[in-house]
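Right, one structure below, let's go through it.
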Amino acid sequence: MVFSIVVTYNGSQWIEKCFGNLVNSIIQDHHILAIDNGSTDNTLELIRALYPEVEVIENDANLGFGKANNIGILKALEAKAEYVFLLNQDAWIESNTIEDLIKISKTKPEYGILSPIQNDARGNIEKQFSTYLSKAKLNVQKQILEVPFVNAASWLIPVTCIKKIGLFDSLFFHYGEDENYCHRAHYYKFKIGIIPSSCIVHDRGERLNKMSFLKTQVRHIIYIKCNLANINYPMSYLILQFYFKTPIFLLKKLYWRQFKIFFVRIIIIIKLPFMLKGILLARNRTKKQFNF
């Protein structure tokens, strides 16, 4: 059995493509689960009216990406599913996407996370996704491109992998949870791969444009948390590296007159001691044995 999990939040504009293509997937024994994070538009009405076969779980509030996905992952484990397929609400698959990923997964058990190529709405490789591909040689003749990280817009994860790595960590509300999960996958000796022969559409649109000062601060804090929570390196080493590199970082930002990022890093230096306890707890959670 395969559990496809979509976390929804005011995503009515993508519902028909996202869930319509999931419902029409050729994969057998396929359970589709929508975890809604308190949508205030007609997202839930559309899912229930158009796709009654989709199971819906309503949260009273926005739990964030990781915590909401964890609800679905636990249901998949209870149902004794073999695979979990995570899909963003603003993405849609081809009819054979999940089947192709599973076929490769069965022959490559060392891969804990597999992702198809992500195209934008115009059919080109999505801009942000191309940065992950830059970490590997894009060779369509290869069955799998091994990469250190790929974003969780469309992940196939074998349940055997989840039982070792665990769930998304509560340290991350939205953004960063997928990078942290990839770090933990490496810790447990799993590989991460992109399948060049398989693709989805990920319609990010213009949401990656210039951010406000507050959003820049939040993203930068997430970036620092991800680095320090990376279980593959001693925390003391990562903290020393942060403080050693920060003066150079600040000088560069001043030189290039990137004052917003300069002041964001100053704020993080002040906040960092108060963040360390939560980061240390997250690192310790990675080392525990999960009893699913």
Side-chain angles (χ1 to χ4, degrees), residues 1-5 25 27-30 66 69-70 72-74 76-77 79-88 91 93-94 96-118 125 129-169 172 176-200 226-227 229-234 282-283 285-292:
M1 178 186 290
V2 181
F3 256 66
S4 286
I5 303 168
S25 173
I27 193 70
Q28 300 296 312
D29 206 5
H30 185 201
N69 266 308
N70 286 347
I73 293 170
L74 286 172
L77 292 170
K80 302 191 183 306
E82 292 180 84
Y83 291 92
V84 168
F85 181 67
L86 306 182
L87 185 68
N88 274 19
I93 65 170
E94 295 183 340
N96 60 335
T97 299
I98 301 175
E99 183 183 57
D100 289 350
L101 293 174
I102 289 174
K103 282 180 180 177
I104 292 173
S105 179
K106 286 183 182 297
T107 64
K108 300 287 184 179
E110 66 271 25
Y111 281 84
I113 298 168
L114 290 177
S115 169
I117 296 284
Q118 295 176 26
I125 293 178
F129 190 81
S130 66
T131 63
Y132 315 138
L133 286 175
S134 68
K135 304 294 183 182
K137 293 180 180 179
L138 182 54
N139 181 352
V140 292
Q141 302 302 315
K142 293 186 72 174
Q143 189 181 45
I144 302 180
L145 302 175
E146 185 179 348
V147 291
F149 168 76
V150 61
N151 67 315
S154 54
W155 276 6
L156 181 80
I157 316 174
V159 164
T160 52
C161 174
I162 294 169
K163 286 182 176 180
K164 287 190 177 181
I165 299 175
L167 306 174
F168 286 109
D169 196 89
F172 302 95
E177 61 282 294
D178 51 357
E179 185 170 358
N180 174 257
Y181 205 84
C182 287
H183 290 160
R184 290 157 58 200
H186 291 305
Y187 179 77
Y188 282 101
K189 309 303 181 188
F190 285 105
K191 295 180 179 181
I192 298 160
I194 294 172
I195 310 303
S197 60
S198 184
C199 68
I200 65 159
C226 277
N227 277 350
N230 188 345
I231 192 66
N232 298 290
Y233 299 94
R283 292 173 65 93
R285 282 191 291 269
T286 295
K287 296 177 183 179
K288 68 181 270 191
Q289 294 298 310
F290 298 97
N291 297 311
F292 294 121

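The chain is numbered in sequence order, starting from 1.
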Side-chain contact test, heavy atoms from C-beta onward, threshold under 4.5 Å: evaluate it for [X] versus [Y] and give yes or no.
X      : Y      : answer
Tyr187 : Lys287 : yes
Asp29  : Val2   : no
Lys163 : Leu77  : yes
Glu146 : Ile192 : no
Ser130 : Ile125 : yes
Thr160 : Pro109 : no
Ser198 : Ile117 : no

Check: [X] side chain, [Y] main-chain N or O, donor-acceptor pair, under 3.5 Å:
X      : Y      : result
His186 : Lys191 : no
Trp155 : Asp178 : no
Arg184 : Leu167 : yes
Thr107 : Ile104 : yes
Thr97  : Cys199 : yes
Tyr188 : Gly112 : no

Next on the checklist: Going by the rule ring-ring contact (aromatic ring centres under 6.0 Å, His included), which residues pair with Tyr132 if we only count those two or more places apart in sequence or in a different chain?
Outcome noted: Phe129, Phe149

Checklist outcome for this item: Hits for ring-ring contact (aromatic ring centres under 6.0 Å, His included) against Tyr83, two or more places apart or cross-chain, chain-then-number order -> none

Distance, nearest 0.5 Å, that separates [atom1] of [X] from [atom2] of [Y]:
X      : Y      : atom1 : atom2 : value
Asn88  : Ser154 : CG    : OG    : 8.0 Å
Tyr111 : Gln143 : OH    : CD    : 9.0 Å
Lys108 : Ile144 : NZ    : CD1   : 5.5 Å
Ser115 : Ile194 : OG    : CD1   : 5.5 Å
Thr286 : Asn180 : OG1   : CG    : 6.0 Å

Checklist entry - Checking side-chain contact (heavy atoms from CB on, under 4.5 Å) for the pair Glu82/Lys106: CA distance, chi angles, key distance, verdict? => result CA-CA 11 Å; Glu82 292 180 84; Lys106 286 183 182 297; 3.9 Å; yes

Shortest non-hydrogen contact between [X] and [Y], atoms and distance:
X      : Y      : value
His30  : Ser4   : NE2-OG, 2.6 Å
Glu177 : Gly66  : OE1-N, 4.0 Å
Leu101 : Leu114 : O-CD1, 3.7 Å
Ala282 : Asp169 : CB-OD2, 3.5 Å
Tyr181 : Ile113 : CD2-CD1, 4.0 Å
Ala79  : Met1   : CB-SD, 4.1 Å

Item to check | Donor-acceptor pair between Asn151 and Gln118 side chains, under 3.5 angstrom | outcome: yes

Checklist entry - What do the steps show when you test Val147 against Leu133 for side-chain contact (heavy atoms from CB on, under 4.5 Å), and what is the final call? => result CA-CA 7 Å; Val147 291; Leu133 286 175; 5.7 Å; no

Checklist outcome for this item: Per side chain to side chain contact (heavy atoms under 4.5 Å, CB included), Phe85 is matched among Ile102, Ile157, Ile98 by Ile98

